[in-house]
Amino acid sequence: MAKQNVSEQFVDILVRAGVKRLYGVVGDSLNPVVDAIRRNAAIDWIQVRHEETAAFAAGAEAQITGSLAACAGSCGPGNLHLINGLYDAHRSMAPVLALASHIPSSEIGLGYFQETHPELLFQECSHYNEMISNPQQMPRLLQTAIQHAIGRGGVSVVSMPGDIASQPAPEKSIEHALVTSRPSVRPGDEEIDKLCRMVDEARRVTLFCGSGTAGAHAEVMEFAERVKAPVGHALRGKEWIQYDNPYDVGMSGLLGYGAAYEATNECDLLILLGTDFPYNAFLPDDVKIVQVDVRPEHLGRRSKLDLAVWGDVRETLRCLTPRVKPKTDRKFLDRMLKKHADALEGVVKAYTRKVDKHVPIHPEYVASVLDELADDDAVFTVDTGMCNVWAARYLSPNGKRRVIGSFSHGSMANALPQAIGAQFVDRNRQVVSMSGDGGFTMLMGDFLTLVQYDLPVKVVLFNNSSLGMVELEMLVAGLPSFGTTNKNPDFAAVARAAGAYGVRVEKPKQLEGALKDAFKHKGPALVDVVTDPNALSIPPRISADMVTGFALSASKIVLDGGVGRMLQMARSNLRNVPRP
């Protein structure tokens with residue numbers, strides 16, 4: 001049996017860790033690893049057109065599967081292109097292993113062609129970031145990197161000079177059993193006892209949920225019923241907590257709707273469940289707050305806590321719910337449910353007036369029709385900006401659908417590359433990229449990746465020829481819009497020229513048929529929908545100092561618009577509310 005080199009050993013360990021594919025762009029120092037993949041039937045090399053796409057795709061794959069995914073870039077500029085997608089994966093707690101191949105080891109520190117220092121560049125967007133400078137470090141260093149990515153939830157970066165990659169792997173190297181999943185974390189009895197007393201003493205309890213409630217829907221509903229608590233959510237909590245939720249009061253934050261803000265500010269006890277919600281201006285400062293999170297570094301960094309509970313949401317509630325005294329008074333819950341329904345009734349009027357006849361097409365209408373036609377288990381990837389608004393307001397979660405976006409990092413151009421990663425996981429599952437024209441054109445080259453691999457991703461392009469969210473930010477700040485207009489081609493024609501299915505929609509009556517045809521098409525498809533850049537109505541009480549981008553806000557509601565099928569759910573939840 002031929003002796004392995006370091007690259008072959010590297011690839012074998014990735015396979016043992018469950019990695020199915022490595023996304024990247026081939027070249028120079030990375031070539032030995034790519035060649036090892038070529039000769040290993042258990043893993044695929046996925047050639048993308050830009051390394052940023054590779055990192056976004058790996059991050060999306062990791063979020064869909066919950067397992068380790070991987071990407072790679074060649075030395076210098078190649079691996080440097082990974083950094084934005086790795087930031088997004090890291091902030092999304094997606095377990096990703098990134099290989100940053102490096103210049104020849106003898107030339108490091110001497111200003112060699114394409115020289116950078118990956119161990120410095122990736123420090124802030126990784127849990128683990130080390131260089132293999134000697135074959136004897138294998139396989140322990142790679143195994144350590146993998147366990148950091150999986151165990152802590154985020155990115156590990158391994159840099160490796162090309163000459164080291166080609167050297168013989170060490171003999172009698174230690175390969176231990178790899179950690180491939182994370183454990184449940186249960187809080188201590190003392191914390192559970194304290195939380196139980198606080199819940200029992202409070203008359204009005206509100207739950208506010210984030211992505212940490214994944215897998216805990218039943219436990220949250222049981223607890224909410226026991227203590228008669230309204231349940232709000234952040235954007236990343238929407239897909240996990242909003243469906244089949246008779247206690248739903250909507251979403252808080254800059255894209256908020258309904259009564260979530262009121263419920264979090266008018267309670268006696270606010271319990272933050274698995275959320276690192278960044279907009280502290282929306283959180284109260286005069287009620288008791290408890291935060292439950294599996295990441296202890298998240299506890300208390302957004303608001304002053306009366307109790308910090310280190311544990312995952314499901315295990316915490318399993319311990320807590322049987323201990324708390326059942327509450328019988330529904331007055332607070334029913335009042336919030338009514339406020340929520342009334343709020344949604346009001347904003348629905350903003351998008352129902354002749355929306356099916358309006359030209360240019362209202363983007364709200366596009367999102368609403370898309371929500372109706374998409375599969376029950378579709379994966380939506382959502383561009384940052386106005387597509388976040390439409391996803392927040394119109395996509396209806398059901399426990400099977402997934403919504404992936406750059407919700408913590410806030411990068412442009414994320415939707416298309418994330419759709420690539422999601423579709424490689426399962427070619428038979430419907431994957432829809434909700435792309436803005438600004439984000440799509442930033443990494444448009446990787447539309448060719450869809451064609452090259454015949455990935456059946458459906459790109460629904462919200463084409464308003466502008467950077468809509470930036471225009472909104474300028475408007476709110478009292479600035480004239482500048483540098484936000486895009487001169488776009490006929491994107492459907494571009495798609496057809498690339499070898500994909502493409503259709504352009506300019507009138508509302510064309511939309512449903514165009515989407516149905518695209519969804520029926522077996523390969524990649526693009527629906528270029530020309531939408532109204534002036535679709536949003538802004539409440540008149542918003543002033544310049546209330547909003548600065550997505551980072552700061554003293555406002556209660558920034559965007560006004562429709563809410564899709566959420567109104568139907570709000571109406572149904574009112575059936576149990578006593579009428580005056």
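Sequence positions, counted from 1, serve as the residue numbers for this chain.
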So which heavy atom on P32 is nearest to which on G162, and how close?
-> CG-O, 4.1 Å
Atom pair CG (L370) and CG (L511), whose distance is rounded to the nearest 0.5 Å | 8.5 Å
Would you check if L142 and M138 make a side-chain contact, meaning some heavy-atom pair closer than 4.5 Å?
-> yes
Got a second to check how far C387's SG is from M434's CE, nearest 0.5 Å?
-> 5.5 Å
Are a donor atom and an acceptor atom from the side chains of N463 and N488 found within less than 3.5 Å of each other?
-> yes
Identified side-chain hydrogen bond (donor to acceptor under 3.5 Å, both in side chains) partner of S411 from the options N84, D88, T384 | N84
Closest approach of H521 to A525 (non-hydrogen atoms, all atoms of both residues) = CD2-CB, 4.4 Å
Do D490 side-chain atoms and A493 backbone N/O form a donor-acceptor pair below 3.5 Å?
-> yes
Report yes if some heavy atom in the side chain of Y394 is under 4.5 Å from a heavy atom in the side chain of E364; otherwise report no.
-> yes
How far apart are the C-alpha atoms of K20 and E61, what are their side-chain angles, what is the distance that settles it, and do they pass the salt bridge (charged side-chain N to carboxylate O under 4.0 Å, His left out) test?
-> CA-CA 10 Å; K20 300 291 193 299; E61 178 182 323; over 6 Å; no
Would you find a donor on one side and an acceptor on the other, under 3.5 Å apart, between the side chain of D375 and the backbone of D377?
-> no
Considering only heavy atoms from C-beta outward, does the side chain of S396 approach that of Q242 to under 4.5 Å?
-> no
With a 4.5 Å limit on heavy-atom distance, are the side chains of V25 and H50 in contact?
-> no
Evaluate the criterion side-chain contact (heavy atoms from CB on, under 4.5 Å) for residue pair K520 and Y501; output intermediate values, then yes/no.
-> CA-CA 11 Å; K520 289 177 184 176; Y501 179 91; over 6 Å; no
Is a donor on one side and an acceptor on the other found under 3.5 Å between the side chain of S408 and the backbone of S92?
-> no
Are the side chains of V529 and L461 in touch, meaning some heavy atoms are under 4.5 Å apart?
-> no
Polar side-chain atom of D528 near backbone of F491 as donor-acceptor pair, under 3.5 Å = yes
Compute the ring centroids of F424 and Y453, then answer whether they are less than 6.0 Å apart.
-> yes
Between Q137 and N134, is there a donor-acceptor pair closer than 3.5 Å when you use the side chain of the first and the backbone of the second?
-> yes
Sidechain-backbone polar pair: T275 side chain, H233 backbone, donor-acceptor under 3.5 Å = no
Distance-only, no hydrogens or angles: does the D454 side chain make a donor-acceptor pair with backbone N or O of G523 under 3.5 Å?
-> no
Before giving the answer on ring pair (Phe, Tyr, Trp, His ring centres under 6.0 Å), spell out for H409 and H90 the whole-Å C-alpha distance, their side-chain angles and the decisive distance to 0.1 Å.
-> CA-CA 9 Å; H409 186 49; H90 194 56; over 10 Å; no
Would you say the side chains of T53 and D446 form a donor-acceptor pair under 3.5 Å?
-> yes
To the nearest 0.5 Å, tell me how far R393 CZ sits from M251 CE.
-> 6.5 Å
Give the C-alpha distance, both sets of side-chain angles, the deciding distance and a yes or no for salt bridge (charged side-chain N to carboxylate O under 4.0 Å, His left out) between R16 and D12.
-> CA-CA 6 Å; R16 285 181 53 219; D12 279 352; over 6 Å; no
Assess whether salt bridge (charged side-chain N to carboxylate O under 4.0 Å, His left out) is satisfied between D371 and R401, documenting all intermediate values.
-> CA-CA 11 Å; D371 180 57; R401 285 178 168 181; 2.7 Å; yes
Do you know the tightest heavy-atom contact between V157 and V155?
-> CG2-CG1, 3.8 Å
Would you name the heavy atoms of P363 and W390 that are closest together and state the gap between them?
-> CG-CZ2, 3.3 Å
Look at the side chain of R21 and the backbone N and O of I46, then say whether any donor-acceptor pair between them is shorter than 3.5 Å.
-> no
Sub-4.5 Å side-chain heavy-atom contact between V366 and I361 = yes
Test side-chain contact (heavy atoms from CB on, under 4.5 Å) on V158 and L97 and set out the steps.
-> CA-CA 8 Å; V158 174; L97 188 285; 4.1 Å; yes
How close do V403 and V382 get, heavy atom to heavy atom, and via which atoms?
-> CG1-CG2, 3.8 Å
Contact check, side chains of F447 and F440, non-hydrogen atoms, under 4.5 Å = yes
Donor-acceptor under 3.5 Å (S74 side chain, S29 main chain) = no
Are side-chain N/O atoms of D163 and S105 paired as donor and acceptor at under 3.5 Å?
-> yes
Taken to the nearest 0.5 Å, the spacing of Q423 CD from S433 OG works out to 11.0 Å
Intermediate values then yes/no, salt bridge (charged side-chain N to carboxylate O under 4.0 Å, His left out), R302 and D276 | CA-CA 7 Å; R302 307 300 183 193; D276 192 33; 3.1 Å; yes
Could you verify whether a donor N or O on one side chain and an acceptor N or O on the other, from T449 and R49, lie under 3.5 Å apart?
-> no
Nearest 0.5 Å, what's the CD1-CD distance between I420 and Q452?
-> 10.5 Å
Would you please classify the geometry between the H148 ring and the Y128 ring as parallel, tilted or perpendicular, with 30° and 60° separating the classes?
-> tilted
In this structure, CD of Q4 is separated from CD of E171 (nearest 0.5 Å) by 12.0 Å
Please report the C-alpha distance between S159 and E130 in whole Å, then the side-chain angles of each, then the deciding distance to 0.1 Å, and finally whether the side-chain contact (heavy atoms from CB on, under 4.5 Å) criterion is met.
-> CA-CA 6 Å; S159 53; E130 296 290 347; over 6 Å; no
Judged by atom type as modelled, is there a donor-acceptor pair below 3.5 Å linking the side chain of E107 to the main-chain atoms of I103?
-> no
Got L82 and L80 here, is their nearest side-chain heavy-atom distance under 4.5 Å?
-> no
Give the C-alpha distance, both sets of side-chain angles, the deciding distance and a yes or no for side-chain contact (heavy atoms from CB on, under 4.5 Å) between N388 and D383.
-> CA-CA 6 Å; N388 266 203; D383 260 341; over 6 Å; no
Nearest atoms (heavy-atom pairs only) where A422 meets V379 | CB-CG1, 4.0 Å
